[in-house]
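The block underneath contains the structure these notes are about, expressed in structure tokens.
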Amino acid sequence: MPEGVVDEEVIEAAVLGASSRHAIIWRDPSRQGRGWSESFPDGFGCSKCVPAAEGFDSYEPVDCSEVEVQATSDFDSLEFCDWT
């Protein structure tokens with residue numbers, strides 16, 4: 001992936017896989033985050049999706065060995081965590 005702002009077409013052409021139910025979370029203690037982010041250590045941490053009964057999903061910390069990456073370029077075949 002190139003550095004800087006990358007448009008969606010470049011991402012779709014370059015990505016060989018994704019983790020639809022896991023994420024890498026960056027937590028900066030000097031900045032305000034989302035409520036769920038307070039359970040993460042400072043710096044990088046691995047997480048899994050926590051589905052919400054209503055509204056947006058969230059993430060909880062997991063050991064990085066639990067992160068699964070699906071080898072695919074068809075993002076429509078994956079069910080991503082809804083955090084937007």
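- Residues that satisfy the side chain to side chain donor-acceptor pair (under 3.5 Å) test with Asp7, not counting sequence neighbours, are absent from this structure.
- Across every non-hydrogen atom of Ser58 and Cys81, the tightest pair is O-SG, 3.8 Å.
- Applying the salt bridge (Lys or Arg N to Asp or Glu O under 4.0 Å) definition to pairs two or more places apart or across chains, those involving residues 44-54 are Lys48-Glu60.
- Applying the side chain to side chain contact (heavy atoms under 4.5 Å, CB included) test to Asp82 and every residue at least two apart in sequence or in another chain returns Phe56, Asp57, Thr84.
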Determine all donor-acceptor pairs shorter than 3.5 Å in which one atom belongs to a side chain in residues 61-68; sequence neighbours excluded.
residue	atom	partner	partner atom	Å
Asp63	OD1	Ser65	N	2.8
Asp63	OD1	Ser65	OG	2.6

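- Residue Phe44 shares its hydrophobic cluster (ILVMFWY side chains chained together at separations under 4.5 Å) with Ile24, Trp26.
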Requested in this report: Go through the steps to decide whether Ser20 and Gln70 satisfy the test side-chain contact (heavy atoms from CB on, under 4.5 Å), and finish with yes or no.
Outcome: CA-CA 8 Å; Ser20 61; Gln70 295 84 28; 3.6 Å; yes
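- Ser77 and Thr72 get closest at one heavy-atom pair: OG-OG1, 3.9 Å.
- Looking at every heavy atom in both residues, Val50 comes nearest to Tyr59 through CG2-C, 4.1 Å.
- Atom-to-atom distance recorded for His22:NE2 and Ser47:OG is 7.5 Å, nearest 0.5 angstrom.
- Taking Asp28 as the reference, Ser30 meet the side chain to side chain donor-acceptor pair (under 3.5 Å) condition, with sequence neighbours excluded.
- In this structure, the salt bridge (Lys or Arg N to Asp or Glu O under 4.0 Å) partners of Glu38, at least two apart in sequence or on a different chain, are Arg27.
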